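One structure is given below, encoded as structure tokens.
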Amino acid sequence: MIKLPSPATFEEAVKLLRAGGLVAFPTETVYGLGANALSNDAVEKIFKAKGRPSTDPLIVHGDSADSVKQWADLSTEKIRSRFERASKLWPGPLSIIVPVGPEISKKVTAGLNTVALRVPTHPVALELLKAVALPIAAPSANQFAYVSPTSAAHVHDSLGNRVPLIIDGGKSTIGLESTVIDLTSDIPTILRPGAVTREILSSTLGEDVIVKYHNIKTSEQKSGQGMMSPGLLEKHYSPITPLMPIINAKSIAPDSKIGVIRFTSLTPLPEITVEYDVILSATNNLEEIAFKLYDVIRELDNLGLDLILIDSCEEFGLGQAIMDRVRRAVHKTSES
Ligand code: TXA
Ligand code: MG
């Protein structure tokens, strides 16, 4: 059930979470599907509700750097000092991977010896995390491999009654999942690009940061072998309707019902008949494109189209995260 934030809603949410139940809540990136990260049974419900493979670890959320710190093992000097620096970017759209402490459920980490930690900035998320005073494991609140939800209605569409409570905190203002950075590798490594860019991370950490998020094969995901970040399937975040880059529009069957998502009006429409043409940002603003992207993909996915054509942008700053998600959404494999 969708409820607006109120003292009664927070009370209900805290009760549910403490009893090992699920609560979907807003964050500035996307909506999360939360459960008590200390409880195997509670975490198991997340995987079940999403249809997510248990080999794919979850991010643990808390209300401050000090509170999430207790769930990590920061005994190594190098990692502790990196953590102290990186966590200055909290609250925010950043998940930080460090060695895991003993208390977090093994189901959260999928048996890895590391954990991803995040302090979101959304006031409703912060209030909930503070009130519940537990580490909350929360993946994006969608069916596995579908487009992440950026509103309470999206969560309801995806998960329906599998979640007893969805807190409605409005649209997620960023609209793309958090940056995931691994601080345990020799060189800090971005496993998923997001609104906190490599440049920001590098200057905050005072050292080089590398990015390693392409070409993780579906077959590796399936066998559970050799995965850097197991959730980073090539095909992910995908609508049901086939999605194709606009530049490939030449090879389309005649009489197809086509929708086009242009990032700006500067992108010319392909010379074919299109039923829907959506422009994400009149001013070519990357924040606006990210903010609307998933919402518009979902909208077009519900129109019974044969094909959705999608734009591209330069891969600077937030453009990196946008294009990462677009590539994953258009990627088709015979296995999936
Ligand atoms: O913005 C976000 O991060 C949202 C909100 C709700 O916080 N959450 C989210 O969670 O996107 P999820 O589960 O959809 O994506 C988490 C990603 C996955 O790609 C997962 O494989 C990776 O983080 N991950 C989590 N723990 C990891 C670990 N210990 N090592 C490597 N990758 C990890
Ligand atoms: Mg997800």
Side-chain angles (χ1 to χ4, degrees), residues 23-35 37 43 46-47 49-62 68 71-73 90-101 104-122 124-126 128-129 136-150 154-155 158-159 167 169 172-185 189-196 212-213 216 220-221 224 226-238 290 294 321 324-325 328-329:
V23 173
F25 61 96
T27 87
E28 71 279 17
T29 56
V30 300
Y31 273 64
L33 179 62
V43 172
I46 294 179
F47 287 96
K50 278 186 61 102
R52 173 164 166 142
S54 59
T55 48
D56 191 358
L58 306 173
I59 297 170
V60 173
H61 299 69
V68 296
W71 316 116
D73 168 4
W90 282 340
L94 175 67
S95 299
I96 299 177
I97 294 177
V98 288
V100 67
I104 294 292
S105 154
K106 299 277 176 288
K107 298 217 180 252
V108 168
T109 56
L112 297 174
N113 53 15
T114 56
V115 63
L117 300 171
R118 174 156 117 85
V119 180
T121 189
H122 196 295
V124 171
L126 282 178
L128 176 64
L129 291 165
I136 297 298
S140 50
N142 52 282
Q143 278 295 316
F144 179 66
Y146 193 66
V147 185
S148 291
T150 54
H154 290 169
V155 179
S158 261
L159 300 175
I167 308 178
S172 297
T173 50
I174 292 175
L176 295 179
E177 303 81 355
S178 64
T179 305
V180 177
I181 185 165
D182 182 0
L183 297 186
T184 68
S185 40
T189 304
I190 293 176
L191 303 181
R192 180 173 73 183
V196 177
K212 213 176 209 173
Y213 53 80
I216 293 168
E220 288 176 33
Q221 162 80 16
M227 294 179 284
M228 281 287 298
S229 194
L232 299 183
L233 284 156
E234 274 189 352
K235 177 177 161 59
H236 214 107
Y237 314 105
S238 305
Y294 286 162
D324 172 66
R325 302 312 189 276
R328 291 176 199 284

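Not measured: the values here are computed from a predicted model. We number each residue from 1, following the sequence as shown. As the structure lists them, so they are numbered: ligands from 1, and atoms in each ligand from 1.
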Between Thr179 and Val196, is there a donor-acceptor pair closer than 3.5 Å when you use the side chain of the first and the backbone of the second?
yes
Using a 4.0 Å heavy-atom threshold (strictly under), name the region of Thr114 that reaches ligand 1: side chain, backbone, both or neither.
both
Lys50 and Asn142, any side-chain heavy atoms less than 4.5 Å apart
yes
Based purely on interatomic distance, does Tyr31 place a nitrogen or oxygen under 3.5 Å from a nitrogen or oxygen of ligand 1?
no
Ligand 1 N/O within reach of Arg192 N/O, cut-off under 3.5 Å
yes
With distance as the sole test, does Glu28 use its side chain to make a donor-acceptor pair with the main-chain N or O of Ser172 at under 3.5 Å?
no
What about Lys50: any of its N or O atoms under 3.5 Å from an N or O on ligand 1?
no
Counting each atom of ligand 1 from 1 as listed, which ones have a heavy atom of Glu177 under 4.0 Å away?
1 (O), 11 (O)
Please check: side-chain N/O of His154 versus main-chain N/O of Ser148, any donor-acceptor pairing under 3.5 Å?
no
Under 4.0 Å to a heavy atom of His61 - the qualifying atoms of ligand 1, by number
5 (C), 6 (C), 7 (O)
Counting only heavy atoms, which portion of Val100 has something under 4.0 Å from ligand 1: side chain, backbone, both, or neither?
neither
Against heavy atoms of Ala116, which atoms of ligand 1 measure under 4.0 Å?
25 (C), 26 (N)
List ligand 1 atoms under 4.0 Å from Ser178, heavy atoms only on the residue side.
1 (O), 2 (C), 3 (O)
Please work out which of Ala110, Ala138, Pro93, Gly32 has its closest non-hydrogen atom nearest to atom 8 (N) of ligand 1.
Ala138
Heavy-atom distances under 4.0 Å are what count here, so tell me which part of Arg52 touches ligand 1: side chain, backbone, both or neither.
side chain
Between Thr29 and Arg118, is any side-chain donor less than 3.5 angstrom from a side-chain acceptor?
yes
Using a distance threshold of 2.8 Å, state whether an N, O or S atom of Ser140 lies below it from the Mg ion (ligand 2).
yes
Walk me through whether Val43 and Ser105 qualify under side chain to side chain contact (heavy atoms under 4.5 Å, CB included).
CA-CA 8 Å; Val43 172; Ser105 154; 4.3 Å; yes
Which option, Pro57, Pro120, Ser140, Gly194, owns the non-hydrogen atom nearest atom 14 (O) of ligand 1?
Ser140
Going by distance alone, is a donor N or O of one side chain under 3.5 Å from an acceptor N or O of the other, for Ser95 and Arg192?
no
Quick one: does any side-chain atom of Tyr31 pair with a main-chain N or O of Gly169 as donor and acceptor, under 3.5 Å?
yes
Flag the pair Glu177 and Arg328 as a salt bridge only when some basic side-chain nitrogen lies within less than 4.0 angstrom of an acidic carboxylate oxygen.
no
Side-chain (His61) to main-chain (Ile136) donor-acceptor, under 3.5 angstrom:
yes
Would Leu112 count as a contact residue for ligand 1, given that I'm defining contact as a non-hydrogen atom of the residue lying under 4.0 Å from a ligand atom?
yes
Identify, by atom number and element, the atoms of ligand 1 in contact range of Ile97, meaning under 4.0 Å from any of its heavy atoms.
27 (C), 28 (C), 30 (N), 31 (C), 32 (N), 33 (C)
